[in-house]
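Written below as structure tokens is the structure these notes are about.
The basis for the numbers below is simple: all heavy atoms, side chains too, and nothing from hydrogens, waters or symmetry mates.
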Amino acid sequence: MKSTRHAKILEIIKKYNVETQEELSAHLQAEGYVVTQATVSRDMRELELTKVPLGNGRQKYAVISKSQEEMAHRYIRIFKDGFSSMDMAQNILVIKTISGMAMAVAAALDAMNWNEIVGSIAGDDTVMCAIRTVEETVSLMERLRRMIDE
């Protein structure tokens, strides 16, 4: 899915100093995505990536700064696209996703920078989030349900 690939691209350029489309393609292929140069180019245009200076004459791809609200809508869309169900076990939030979407959903949750979430781990169709307290887990689940229903 495109939203999963977009989330992975954002994750890659945040983690690595990607200087070329070929380098981004290689990272995507290493993650199991089969992409062409045209697909990567289109994705980069849709994500509005631009090159920023690294120093010493080198550059890397980065997201053009967007308003908090605009980025929040993008993360919410990724979350909604992948979400299937959720449950809790004490202060652990377990989110079930459509197969292959767990990493994108986890990346979207991480990007939302919610204070309750200490960290998250993603598999193929499951995200586990460590939440600070049981009370905050309940509260977060309510926020996520409202977000899904919007």
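Rounding to the nearest 0.5 Å places OG1 of T133 at 10.0 Å from CG of L140. For the atom pair CD1 (I12) and CG (N17), the distance works out to 13.0 Å, reported to the nearest 0.5 Å. The line from CG of D124 to CD1 of I98 is 11.5 Å long, rounded to the nearest 0.5 Å.
By the 6.0 Å and 45° rule, K51 stacks over the aromatic ring of Y61.
Across all their heavy atoms, M147 and K80 have their closest contact at O-CE, 2.8 Å. Between A106 and V127 the shortest heavy-atom distance is CB-CG1, 4.0 Å. Here the closest non-hydrogen pair linking I78 and A108 is CG2-CB, 4.0 Å. Between A7 and A104, the closest heavy-atom pair is CB-CB, 3.7 Å.
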Please assess R5 against T39 for the test side chain to side chain contact (heavy atoms under 4.5 Å, CB included), listing each intermediate value before the final yes or no.
CA-CA 10 Å; R5 191 175 61 247; T39 299; 3.7 Å; yes
Would E11 and K14 count as a salt bridge (charged side-chain N to carboxylate O under 4.0 Å, His left out) here? Give the steps.
CA-CA 5 Å; E11 180 184 321; K14 186 176 178 182; over 6 Å; no
Applying side-chain hydrogen bond (donor to acceptor under 3.5 Å, both in side chains) to K96 and T126, what does each step give before you reach the verdict?
CA-CA 5 Å; K96 291 297 208 173; T126 305; 3.0 Å; yes
Could you please spell out the steps behind the side-chain hydrogen bond (donor to acceptor under 3.5 Å, both in side chains) verdict for E19 and Q59?
CA-CA 6 Å; E19 297 184 67; Q59 295 181 328; over 6 Å; no
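With sequence neighbours excluded, no residue forms a ring pair (Phe, Tyr, Trp, His ring centres under 6.0 Å) with H6. Residues satisfying the ring pair (Phe, Tyr, Trp, His ring centres under 6.0 Å) test with F83, not counting sequence neighbours, are F79.
Within 6.0 Å of CD1 on I92 lie more than 12 heavy atoms contributed by other residues, nucleotides or ligands.
Using a 4.5 Å heavy-atom threshold, the side chains of I9 and V40 count as separate. A heavy-atom distance below 4.5 Å is not found between the side chains of K60 and V18.
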